[in-house]
Amino acid sequence: STFDPVNKNKGSTSYSYATFPSSYKFLVKVDSANAEKIIDLKPDIVLIGCSKSKLSDDQTQLIGALKTVGIPTCVIKYVDDVTTDEFAKQVDLMGKIFGCEKRATELLEKVKGIIGDLSGKMSSLSETKNVYVGGVAFMGTKDFLWSNVAYGGLLYLDPAKVVNIAKTLVPGATYQAECSFEKIYEFEKTNTIDLALLDVAGYEVTAGNYKADPSIYNKVTAIQNKNFFYVLPQTSSGTLHDNTIVAAYSIGKNIDPTSFKSVDLVSKAKEIYSIFLGSDAAGEAAYNGISTYVKGITGNGDLFGPVGFVE
């Protein structure tokens, strides 16, 4: 879809900043399990999101009920990684559904180019860097001790050089990982955390915890050295692919400033939002809106700055 600065024809969710062309109309919000209400709306198509390997019983029953009355349905899979074939398949599918095949191809080509740019910059990093990401939102806000072993911002950097230490702290985790300061301190007996990051979504709860006892945070090497920065949320009812790629550039610039010297993070963020939203005006508007959102939380609209509450 493309961005409409006037906010016409928006989706039903308050956080949606993308809009569909005027020829598409969003209907009212309906409980997905209520097939009768959906049928009464007489939709031309019903899109069903699926984050699992197979449909739930409710989804299967809904599809069956809609099929019985001739309403077409399409299942859209949630995909976390833009480098996978599955991501390309889902984008192509959406392009076909909405008659935007050219736009889908353009999106995939630009995403491939930006990931290639990241890979090229990472090739010159000669040493391993250990990174911890805290406050990662999942099913609600979390504090600093909640991380993610599949964190998107690290996914597009060389995992052999840029190590997501949540994988070491919580070996059995497959996605969300609840860590502890004891595990972090134990890790740092033989290693160093070079960079710590805080998901903006976890700012308020983490700031409160830090104020209550700064010493437990300040024992972490990266926080001691003021290498503690904000990153944008990677999830909100699904993976925010634009934010994860923006985060990858921000992380890269912090761990390898020489290779990322030419990257202006504000300009790069606007470019990435433009790629996903369809125009330069969209990228500018999205960046400005997100900056305002972040300022409302942290008191500072700098999306890439150091965490402000650290003493």
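All values reported here derive from a predicted model rather than from experimental measurement.
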Any donor and acceptor pair, going by atom type alone, linking the side chain of [X] with main-chain N or O of [Y] inside 3.5 Å?
X    : Y    : answer
K161 : S123 : yes
N225 : N227 : no
D117 : G113 : no
Q176 : V136 : yes
T206 : F144 : yes
Q234 : L240 : no
Q59  : S56  : yes
K253 : F260 : yes
D256 : G252 : no
Q61  : A35  : no

Q | Within 45° cone of Y249 ring axis and under 6.0 Å: K268 NZ or CZ | A |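 Satisfied, under 6.0 Å and within 45°.
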Q | Set of residues satisfying side-chain contact (heavy atoms from CB on, under 4.5 Å) with respect to T190, sequence neighbours excluded | A |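 T190 satisfies side-chain contact (heavy atoms from CB on, under 4.5 Å) with no residue once adjacent residues are dropped.
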Q | Y273 and Y287 aromatic ring geometry - parallel, tilted or perpendicular at 30°/60° bounds | A |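 If you compare the ring of Y287 with that of Y273, the planes turn out tilted.
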Q: Describe, in one word, how the ring planes of H241 and F276 are oriented to each other, choosing from parallel (under 30°), tilted (30 to 60°) and perpendicular (over 60°).
A: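 Geometry flag for F276 against H241: parallel rings.
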So, for [X] and [Y], which heavy atoms are closest and what is the spacing to 0.1 Å?
X    : Y    : answer
P43  : V46  : CG-CG2, 3.7 Å
V133 : S147 : O-OG, 2.6 Å
L277 : A282 : CB-CB, 3.5 Å
A150 : Y175 : CB-CD1, 4.1 Å
C179 : V170 : SG-CG2, 3.9 Å
L303 : S291 : CD2-CA, 3.7 Å

Q: Tell me, yes or no, whether the heavy-atom count around D40 atom CG, taken from other residues, nucleotides or ligands under 6.0 Å, exceeds 12.
A: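 Above 12, so yes.
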Q: Count the heavy atoms belonging to other residues, nucleotides or ligands that lie under 6.0 Å from CG of D280, then report whether that count exceeds 12.
A: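 Open: at most 12 neighbouring heavy atoms sit under 6.0 Å from CG of D280.
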With distance as the sole criterion, is a donor-acceptor pair present between the side chains of [X] and [Y] under 3.5 Å?
X    : Y    : value
T221 : T192 : no
T239 : D80  : yes
T83  : D81  : yes
S215 : D213 : yes
N164 : Y132 : no

Q | Side chain proximity check, V200 to V231, heavy atoms < 4.5 angstrom | A |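 No, their side chains stay 4.5 Å or more apart.
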Working to the nearest 0.5 Å, report the span between [atom1] of [X] and [atom2] of [Y].
X    : Y    : atom1 : atom2 : value
I184 : N191 : CD1   : CG    : 12.5 Å
L108 : I275 : CG    : CD1   : 11.5 Å
I290 : N243 : CD1   : CG    : 5.5 Å
I97  : I45  : CD1   : CD1   : 4.5 Å

Q) Should the pair E101-R103 be classified as a salt bridge under the 4.0 Å nitrogen-to-oxygen rule? A)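 Between R103 and E101 there is no salt bridge, as every charged N stays at least 4.0 Å from the carboxylate O atoms.
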Q. Salt-bridged, K183 to E186, with N to O below 4.0 Å?
A.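 Not counted as a salt bridge, because no side-chain N and carboxylate O are separated by less than 4.0 Å.
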(Q) For a side chain to side chain contact (heavy atoms under 4.5 Å, CB included) check, start with the C-alpha distance between V163 and V131, then their side-chain angles and the critical distance, and finish with the verdict. (A) CA-CA 6 Å; V163 179; V131 179; over 6 Å; no
Q) Would the Y217 and F228 ring centres measure less than 6.0 Å apart? A)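 No - the distance between ring centres of Y217 and F228 does not fall below the 6.0 Å cut-off.
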(Q) Working note: N300 + Y230, criterion side chain to side chain contact (heavy atoms under 4.5 Å, CB included); need CA distance, chi angles, decisive distance, verdict. (A) CA-CA 11 Å; N300 188 329; Y230 297 122; 5.6 Å; no
